[in-house]
Asks: 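Sharing a structure below in structure tokens format, with a few things to ask.
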4 protein chains.
Amino acid sequence: MTTIRIPHSKVEELPAQFRHCIGTGRLGLALQEEYAKHLRLVQQDIGFSYIRGHGLFHEDLAIYREIETEDGVSSFYNFTYLDRVFDLFLEVGLKPFIEIGFMPKAIASGEQTIFYWKGNVTPPADYNKWEDLVYETVMHLLKRYGHDEVRTWPFEIWNEPNLINFWENADKEAYLKLYKHTVKAIHQADEQLLVGGPAICGGSDEWIDDFLAFCTKNQVRVDFVSRHAYTSKPPNKKTPDYYYQELAPPSDFFDQLQPVREQINKAGYADRPFHITEYNTSYSPICQIHDLPYNAAYLAPVLTNLHKVADSFSYWTFSDVFEEYDVPRSVFHGGFGLVALHSIKKPTYHLFRFVRNLGSDILYQDDYMIVTNKSNGDITILAWNPTGQKKDVRKLAYELEVRGQSYFLEKERVNEYAGNPFRVWRQLGRPRFPTKQQVEILKRHDMPSVETTTISTTDGTLSIALELLPNEITFLTLSEVHDETSTYIGLDDRLLPIASDNLS
Amino acid sequence: MTTIRIPHSKVEELPAQFRHCIGTGRLGLALQEEYAKHLRLVQQDIGFSYIRGHGLFHEDLAIYREIETEDGVSSFYNFTYLDRVFDLFLEVGLKPFIEIGFMPKAIASGEQTIFYWKGNVTPPADYNKWEDLVYETVMHLLKRYGHDEVRTWPFEIWNEPNLINFWENADKEAYLKLYKHTVKAIHQADEQLLVGGPAICGGSDEWIDDFLAFCTKNQVRVDFVSRHAYTSKPPNKKTPDYYYQELAPPSDFFDQLQPVREQINKAGYADRPFHITEYNTSYSPICQIHDLPYNAAYLAPVLTNLHKVADSFSYWTFSDVFEEYDVPRSVFHGGFGLVALHSIKKPTYHLFRFVRNLGSDILYQDDYMIVTNKSNGDITILAWNPTGQKKDVRKLAYELEVRGQSYFLEKERVNEYAGNPFRVWRQLGRPRFPTKQQVEILKRHDMPSVETTTISTTDGTLSIALELLPNEITFLTLSEVHDETSTYIGLDDRLLPIASDNLS
Amino acid sequence: MTTIRIPHSKVEELPAQFRHCIGTGRLGLALQEEYAKHLRLVQQDIGFSYIRGHGLFHEDLAIYREIETEDGVSSFYNFTYLDRVFDLFLEVGLKPFIEIGFMPKAIASGEQTIFYWKGNVTPPADYNKWEDLVYETVMHLLKRYGHDEVRTWPFEIWNEPNLINFWENADKEAYLKLYKHTVKAIHQADEQLLVGGPAICGGSDEWIDDFLAFCTKNQVRVDFVSRHAYTSKPPNKKTPDYYYQELAPPSDFFDQLQPVREQINKAGYADRPFHITEYNTSYSPICQIHDLPYNAAYLAPVLTNLHKVADSFSYWTFSDVFEEYDVPRSVFHGGFGLVALHSIKKPTYHLFRFVRNLGSDILYQDDYMIVTNKSNGDITILAWNPTGQKKDVRKLAYELEVRGQSYFLEKERVNEYAGNPFRVWRQLGRPRFPTKQQVEILKRHDMPSVETTTISTTDGTLSIALELLPNEITFLTLSEVHDETSTYIGLDDRLLPIASDNLS
Amino acid sequence: MTTIRIPHSKVEELPAQFRHCIGTGRLGLALQEEYAKHLRLVQQDIGFSYIRGHGLFHEDLAIYREIETEDGVSSFYNFTYLDRVFDLFLEVGLKPFIEIGFMPKAIASGEQTIFYWKGNVTPPADYNKWEDLVYETVMHLLKRYGHDEVRTWPFEIWNEPNLINFWENADKEAYLKLYKHTVKAIHQADEQLLVGGPAICGGSDEWIDDFLAFCTKNQVRVDFVSRHAYTSKPPNKKTPDYYYQELAPPSDFFDQLQPVREQINKAGYADRPFHITEYNTSYSPICQIHDLPYNAAYLAPVLTNLHKVADSFSYWTFSDVFEEYDVPRSVFHGGFGLVALHSIKKPTYHLFRFVRNLGSDILYQDDYMIVTNKSNGDITILAWNPTGQKKDVRKLAYELEVRGQSYFLEKERVNEYAGNPFRVWRQLGRPRFPTKQQVEILKRHDMPSVETTTISTTDGTLSIALELLPNEITFLTLSEVHDETSTYIGLDDRLLPIASDNLS
């Protein structure tokens with residue numbers, strides 16, 4: 001272990017892309033009280049800017065209806081629930097990153113559905129009806145929220161059309177047609193609205209080329225390009241409750257995405273943003289990795305670096321209020337959420353909170369840590385140690401050049417033993433439907449351990465040594481101390497029953 | 001260290017006297033928002049039944065006024081603030097334990113005052129006016145809150161009249177006269193109201209004999225006898241900010257109070273309750289002991305045993321919103337409170353919370369710990385280790401006889417390093433008026449450290465070993481585990497990136 | 001108009017049956033935040049004891065699952081959502097009045113469904129699976145909430161099996177079989193649980209006889225008998241948004257129910273309670289009568305009298321968060337709720353609030369009003385004037401014998417012009433999805449108008465004259481005045497710029 | 001009565017000066033919970049920008065202390081309470097408008113005090129100590145809140161030094177000396193801080209000339225000039241509870257202030273703002289006019305016009321939590337507050353709320369009303385009718401030119417019968433210390449009456465006729481209606497039991 005010396009000078013900017021957008025379970029779930037609680041929690045501690053989820057046109061939001069009258073069938077658009085959902089988003093400081101989909105039953109050309117909640121993934125049977133639906137919905141938004149506001153909301157067309165599960169036959173031509181018609185309907189409402197696609201998952205990046213070529217050729221607008229990224233391999237074991245998967249290393253995100261950015265540039269869209277509208281470790285909603293400290297430690301370098309290849313990246317998802325596989329069958333069911341049911345914070349929640357508390361001036365960065373300076377003068381440091389191995393303790397030592405004499409240091413740690421409610425739940429016997437008392441216990445154990453000390457400079461530097469346990473993320477805050485001790489005339493700690501020097 | 005074997009059978013009852021009553025700064029402070037916040041916090045976590053403080057008739061509550069009219073001077077009684085204070089108490093589940101005092105300026109015979117807030121401690125100049133004041137106040141309470149309710153509120157006459165600071169010349173005859181007149185006025189309003197005294201501090205227990213003899217002889221009613229108890233010696237150093245004091249051992253409380261109970265019995269009042277209407281370690285409002293883990297560890301045997309010699313004991317006080325010496329000059333100023341300014345919990349707060357969470361059935365008790373059984377089947381244990389010495393680690397080992405197979409154990413620890421915001425404040429440079437950021441830091445460090453594990457029985461017993469750091473209090477909760485692991489078909493933790501066995 | 005003289009003596013008791021139970025949309029809706037807001041509102045102002053709704057076993061609560069494993073298919077019971085729903089109920093002071101139904105798809109023998117949300121109404125294909133489902137669900141409740149608690153929760157078997165919409169073919173034999181098997185499963189969990197049926201709607205009361213005869217003959221327990229009651233006639237016009245219906249007079253409730261009570265008695269069940277587990281004016285969820293002052297005025301005599309023929313009656317329903325016809329297509333869509341979307345109180349909400357504030361001692365009662373005495377000495381009066389006619393003003397005059405000299409009178413009125421947000425919504429142009437500003441306006445107009453005065457007795461009586469506008473309900477509170485005016489020495493209102501005598 | 005025709009074009013701007021600043025009882029009262037509740041209420045509905053009150057250096061905030069140490073007496077500055085008070089202000093969106101005063105006892109040259117709470121009004125005995133106190137206090141503010149923030153906080157030196165009650169002998173020379181030294185100390189901390197005076201009350205405006213001449217001559221900075229204004233005459237009757245006073249007409253404010261603005265201009269300070277740092281009708285804290293609708297009606301033209309002669313005007317005060325005369329002896333005691341004790345809104349509260357809801361574009365204005373256009377398109381109108389006479393009904397008729405076809409009109413009225421809790425309190429027998437039930441009644445009657453209707457244009461105008469009862473203020477909001485009625489296919493209101501045409 002070498003000691004690294006870190007000068008007090010900015011080497012690079014740390015932007016806020018990691019909290020540009022967050023994923024959510026289908027929009028209809030936003031009607032739930034539990035969902036709203038989790039969202040308020042996340043917004044208070046992390047503060048995302050946008051939110052994106054499936055199901056805008058799904059049956060439970062109930063937007064599209066066909067009504068029989070004396071004069072025949074007429075379309076009716078019901079925005080009772082949509083208003084409630086978007087009002088909630090705006091109330092908590094989130095703008096919708098709108099995903100256009102899936103297909104209302106009454107318009108769908110087929111019966112193929114996806115998920116427990118049966119989203120229809122077939123093209124429109126009648127493109128006029130589809131365009132009307134899109135147009136009327138957008139017009140309603142413009143009236144309710146104003147043109148200025150809605151022009152800041154991106155409209156992404158469909159979700160992962162390159163997968164046969166999400167789009168009938170993964171039919172590319174059909175997708176391009178859908179894209180064209182949908183954009184037309186959106187721009188009929190307001191030409192300045194932002195549109196993009198193709199929202200593909202990894203594995204068929206030729207779609208990017210074909211999509212952009214199509215748009216160029218047909219003069220269809222593309223305001224942004226979107227793709228998803230997960231680093232899990234196919235399950236090596238499936239059970240009724242969980243899927244087991246292995247992960248590629250974190251660098252896989254960069255390996256997947258860097259070439260796509262280049263494809264976009266080459267296609268003549270270098271000035272358009274590239275949004276990763278979904279990412280996570282595993283793509284399975286029942287993979288326990290999501291619940292573990294490992295997930296946080298693994299993602300730490302991703303959150304602090306992915307802005308180098310993408311303009312935003314949206315963690316999938318903020319909450320375990322989610323139903324793709326089924327209604328959750330246990331409190332820790334391997335869901336995507338930063339927050340587990342009952343408002344229990346998972347380790348990755350704290351990763352986001354820590355990155356939120358980094359400064360915008362990077363002083364130093366390597367594969368295992370990042371050191372930043374905040375506008376209030378504090379220095380904040382995030383370090384990580386993802387590993388599945390029991391013995392992999394990581395030691396870090398560095399000397400920080402600073403300007404003050406004495407610093408208060410606060411260290412927050414999440415690892416197997418701290419900030420890990422999954423472990424406590426195991427100790428409790430993995431109760432599927434925990435009692436109120438058990439929920440209270442789990443919530444008492446969803447926060448990092450904290451340690452504090454005061455350290456002084458030697459020759460203008462602070463010496464700091466860290467030891468990260470396996471799967472740990474550590475967050476350090478260093479604040480200059482303005483010592484007022486001398487103002488307490490006659491102070492004498494030796495006369496107190498203090499059983500420590502109390503400062504170390 | 002011997003291992004103690006603890007059978008699963010009740011050896012004694014643990015009553016709730018420790019939370020029968022709590023002390024407060026003068027009643028006028030109850031108008032403050034900060035005060036109300038602390039009170040709500042304390043009531044939520046501990047839940048006292050009564051509250052007692054000075055200053056009912058002090059100028060800031062403004063009850064007594066003399067008004068000049070055309071027909072001369074008339075008395076006016078203003079209950080605007082009193083109603084607000086008592087409404088707050090009842091709203092948070094507290095009944096007033098009323099202390100009658102001090103003397104309104106307009107009725108006082110002299111000018112002697114006590115405290116920064118200048119409570120007048122002289123006898124009435126006019127006993128008719130005094131009786132009217134007491135009568136009118138009690139009548140107002142009876143009208144507003146009802147006879148049934150007010151009959152449960154004890155009325156204690158004055159505070160520490162045996163001290164020249166609290167009662168002019170510590171004049172015993174004058175006190176007995178005051179007692180007689182006050183009781184008369186109270187009973188004129190309602191004969192069933194409870195009255196008592198003499199509310200003395202330690203050092204002159206002959207007052208008890210004289211007080212009871214006087215009441216017997218003059219047929220003045222005494223529904224309860226009250227006294228105070230502190231175990232601190234005179235200050236060995238005084239500074240503008242702090243007094244430094246040493247404490248007698250905790251057993252001093254029992255040595256002080258046992259004889260008084262016997263005096264009461266001998267005087268023919270064996271059937272009357274004996275209330276300790278104030279107690280604490282130091283009697284000084286600027287003694288840092290109150291802020292330390294030592295204070296909690298020292299008081300642990302007191303809270304769990306003092307009911308053996310008294311019918312209630314009222315900790316002085318719940319909050320550092322308090323002004324006897326001066327307005328607090330620093331966040332940690334050595335105040336009496338369980339809660340420091342800015343709603344920061346001190347170690348003794350957790351002692352009360354822990355005792356609150358003990359069961360009512362004692363299974364075992366010795367000088368360093370108590371083991372109880374709760375009605376929900378949990379076993380809870382409190383252990384303590386008061387010492388001023390750095391090396392005094394205390395080890396405890398015992399075998400608990402239990403009925404279940406497997407137990408979830410949660411351990412909460414307060415010591416020099418955990419649940420000790422005083423230490424963090426020192427590390428921050430003892431800021432007198434902390435910034436918002438510093439307050440947040442202090443609040444992040446006002447909770448115990450928590451650890452969990454699952455343990456299994458051997459031959460029907462659980463083996464538990466504790467190591468208490470200096471000045472530690474430890475609280476253990478043992479809950480039987482109903483293991484649902486087998487319901488997760490195909491579960492295989494070996495496939496997860498968990499870097500520990502995760503259950504130890 | 002004759003003046004009625006009302007002596008100050010109790011003529012009868014007014015029991016609290018009208019708030020024994022309240023209806024709710026299907027249980028799955030209780031996950032919604034909007035639902036929870038309405039429920040908290042209702043409980044704060046009215047305070048029901050029980051809550052009853054459909055859909056316990058519907059797909060959205062997701063209780064029943066069949067899982068394929070290596071060893072074949074096994075049943076899985078998921079209580080994630082059920083716990084959340086029942087926890088909410090108990091948190092707001094409500095006990096479940098459990099309706100057992102409808103049929104999980106996986107157990108159902110057919111595909112017939114009811115409602116927008118597609119509740120399956122066919123008998124079990126496999127009675128063993130059904131019994132297991134009922135047993136496991138009840139066992140879970142017993143474990144989570146305790147036997148003592150759950151023994152106070154009635155279990156009603158199915159809903160309106162005498163209607164072909166609610167029970168395949170309205171097959172009586174099939175229902176009796178279901179009843180028998182279900183009761184068996186419930187009692188297997190705990191024999192003391194309360195069971196009942198047949199939960200029929202009006203029109204085929206021979207079911208009552210047959211049901212009781214069957215139970216007597218087969219020794220199947222019946223702890224209570226239940227039936228529904230509505231007074232609306234078949235729609236005379238149906239539109240996509242609303243059904244239009246006429247109502248029989250309020251007395252129709254009594255005409256429907258009195259004979260049933262007699263049937264029960266004759267069948268040997270005179271000691272069993274008779275619960276009206278649903279009632280309202282119209283049975284349609286899109287009948288605007290529910291939104292009108294007329295609905296409140298019409299139901300006033302029902303709420304104050306129906307306890308004479310039934311042991312409880314459960315208004316269908318507390319909230320417009322409801323989806324039987326469809327997701328609400330407009331804020332005022334004729335839903336059953338006391339509370340409209342956006343927490344807007346309808347006139348009938350105030351009727352319930354008024355009856356809640358009646359005293360338990362009836363001093364007088366006739367066809368248009370009720371006069372009661374409260375335990376705090378207040379006299380409260382409710383009067384009503386249901387009519388569709390513009391000219392039907394009702395005048396009432398009476399002399400109340402009272403004990404005090406002077407009374408403060410507060411009059412709250414709901415009629416076409418006050419407490420009628422429906423009217424304001426019409427004035428706003430019937431916005432289907434109101435803006436935030438419109439919602440605020442609607443909420444400003446959902447409270448009664450209030451007037452106050454002070455009146456004095458003449459010969460020990462108070463003279464009161466009322467004029468009720470069409471469709472008005474009026475609530476009067478009379479509180480004795482204890483005049484303190486004389487304590488303001490020198491008071492002289494003539495010196496103030498008051499432009500009225502200010503007391504009339 | 002002539003009908004006024006009002007074109008739809010802006011004639012003038014209505015600025016927000018009326019809510020630039022609000023007065024408060026002494027700063028120490030800001031520690032109270034009741035105070036904070038009122039402040040939050042006021043900020044939510046009205047939203048002031050600054051707050052100004054006495055007592056910064058009064059004993060209860062406890063800033064200045066002299067401490068005896070071995071080395072002699074030293075000064076100590078305690079900001080525990082000041083921080084709490086200013087933190088509250090900033091939390092609710094208010095900046096301090098700082099009034100420097102009164103004199104700490106330890107620095108004062110004399111013993112003269114003012115008010116029940118005994119503010120010392122004598123010059124410093126030692127100007128060095130005074131300068132130190134001011135400097136240290138300002139430095140603390142700069143450190144805690146930042147230079148950028150504090151530079152927006154005006155510092156006004158003392159209060160009404162031209163009155164012998166507020167400044168010993170009303171000694172002008174002594175005041176000028178104080179001003180000079182205080183400004184010096186403030187600017188020693190930060191030269192950019194804003195300073196001003198002389199904060200005089202009416203009656204000796206020569207002070208303005210002398211003050212400005214002194215500052216010009218001695219090069220002492222003046223960033224703003226301040227004065228107070230009340231329109232009440234000396235009391236014609238005083239009682240222990242109330243003072244009775246007559247008011248000059250509202251125009252008296254302009255008559256008092258216009259000349260002062262000219263004096264300032266002439267003295268060469270035309271570019272400095274002129275702040276009315278206190279105004280109200282009566283200057284007495286026990287004058288019932290403050291509680292009456294008359295007070296609101298009288299002040300309506302003042303709030304909508306006073307910006308023409310002053311840069312801000314600060315209503316004295318927001319709340320009846322106030323103690324200058326004594327602790328309030330009754331709920332309605334004639335206090336200055338917009339909000340009475342127990343959070344009861346007085347009529348003048350609604351005046352402020354109404355003016356808050358006027359638009360910034362004035363379409364029309366005369367002696368009895370103002371018509372404005374809001375940015376959202378609504379037209380809002382305020383009209384008033386101050387009079388002490390029972391018969392003075394005021395009728396107004398006008399034709400508004402508008403652009404839409406149909407408008408929703410909402411009318412809010414405060415007069416003797418509506419929004420007048422004082423009247424209800426009289427009816428209740430003027431209870432000094434109201435019971436909880438009485439408080440609830442009073443709060444139910446502290447809102448305006450509301451009426452709604454829909455009106456249509458004729459020839460592009462809306463005809464509106466108003467009838468204002470004595471002492472009424474009326475607020476009208478006109479919002480264009482977008483009628484959706486035609487989307488309800490088949491709608492037929494004639495089939496509903498509605499007993500009115502329901503739109504008038």
Side-chain angles (χ1 to χ4, degrees), chain A residues 28-37 39-40 59-63 65-70 73-74 76-85 87-88 90-91 116-118 140 143-146 238-241 320-321 323 326-331 333 341-342 431-436 439, chain C residues 28-37 39-40 59-63 65-70 73-74 76-85 87-88 90-91 116-118 140 143-145 238-241 320-321 323 326-331 333 341-342 431-436 438-439:
Chain A
L29 292 172
L31 302 172
Q32 284 196 11
E33 185 171 45
E34 177 93 356
Y35 179 105
K37 277 186 199 168
L39 196 60
R40 291 191 177 101
E59 305 305 317
D60 63 348
L61 275 194
I63 291 177
R65 289 290 177 268
E66 301 199 339
I67 291 177
E68 291 184 46
T69 66
E70 292 174 6
V73 171
S74 69
F76 177 77
Y77 307 97
N78 187 351
F79 301 114
T80 295
Y81 280 176
L82 183 64
D83 286 355
R84 208 187 288 167
V85 171
D87 284 355
L88 170 69
L90 293 166
E91 177 201 318
Y116 160 69
W117 47 271
K118 300 193 185 307
H140 176 75
K143 269 185 224 154
R144 187 171 183 85
Y145 301 107
K238 293 182 178 186
T239 79
D241 286 295
D320 275 359
V321 173
E323 289 183 350
D326 193 359
V327 169
R329 295 176 183 174
S330 173
V331 60
H333 56 272
L341 300 186
H342 304 285
R432 287 181 179 273
F433 320 115
T435 62
K436 294 201 161 209
V439 168
Chain C
L29 292 172
L31 301 171
Q32 286 196 8
E33 186 171 42
E34 177 93 357
Y35 178 105
K37 277 186 199 166
L39 197 59
R40 290 190 177 102
E59 304 305 317
D60 63 348
L61 275 193
I63 291 177
R65 290 289 176 267
E66 300 200 339
I67 291 175
E68 291 185 47
T69 67
E70 293 174 6
V73 171
S74 69
F76 177 77
Y77 307 97
N78 187 350
F79 301 113
T80 295
Y81 281 176
L82 183 64
D83 285 357
R84 207 187 289 165
V85 171
D87 283 357
L88 170 67
L90 293 166
E91 179 201 318
Y116 160 72
W117 47 270
K118 301 195 186 305
H140 176 75
K143 269 184 221 153
R144 188 170 180 86
Y145 301 105
K238 292 182 179 187
T239 79
D241 286 295
D320 275 359
V321 173
E323 290 182 349
D326 192 358
V327 169
R329 294 175 182 176
S330 175
V331 58
H333 55 273
L341 299 186
H342 304 284
R432 288 181 180 273
F433 320 115
T435 64
K436 290 200 166 213
Q438 288 173 327
V439 168

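The chains referred to below are lettered A, B, ... by the order of the sequence lines, with proteins before strands, and numbering in each begins at 1. Computed from a predicted structure; not experimentally measured.
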Asks: Chain A heavy atoms under 4.5 Å from C/H140: which part of the residue, side chain, backbone, both or neither?
Replies: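 Just its side chain gets close to chain A.
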Asks: Taking every heavy-atom pair that is under 4.5 Å apart, which of A/E59, A/R40, A/K37 has the most such pairs with chain C?
Replies: A/R40
Asks: Non-hydrogen atoms of chain A under 4.5 Å away: do they reach the side chain of C/L341, the backbone, both or neither?
Replies: side chain
Asks: Using non-hydrogen atoms only, which part of C/I67 is less than 4.5 Å away from chain A: side chain, backbone, both, or neither?
Replies: side chain
Asks: Looking only at heavy atoms and a cut-off of under 4.5 Å, which of C/A36, C/P240, C/A62, C/P328 has the most pairs with chain A?
Replies: C/P328
Asks: Chain A heavy atoms under 4.5 Å from C/S330: which part of the residue, side chain, backbone, both or neither?
Replies: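 Interface part for C/S330: backbone (N, CA, C, O).
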Asks: Measure the spacing between NZ of A/K143 and CZ of C/F433 and express it to the nearest 0.5 Å.
Replies: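 Output value for this atom pair is 10.5 Å.
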Asks: At a heavy-atom separation under 4.5 Å, does C/E323 approach chain A through its side chain, its backbone, both, or neither?
Replies: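 The answer is the side chain of C/E323.
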Asks: Heavy-atom distance under 4.5 Å to chain A: side chain of C/T80, backbone, both or neither?
Replies: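 Both backbone and side chain.
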Asks: In a check of side chain to side chain contact (heavy atoms under 4.5 Å, CB included) between A/Q32 and each of C/E33, C/Q32, C/R84, which one passes?
Replies: C/R84
Asks: Does any part of the side chain of C/F76, heavy atoms only, come nearer than 4.5 Å to the side chain of A/R432, both counted from C-beta?
Replies: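 Sidechains of C/F76 and A/R432: in contact.
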Asks: Heavy atoms only: give me the nearest A/Y116-C/D60 pair and the separation to one decimal.
Replies: OH-CA, 4.4 Å
Asks: Against chain A, label C/D83 side chain, backbone, both or neither, depending on which of its atoms sit under 4.5 Å from a heavy atom there.
Replies: side chain
Asks: Donor-acceptor pair, distance only, cut-off 3.5 Å: does the side chain of C/R329 make one with the backbone of A/Y77?
Replies: no
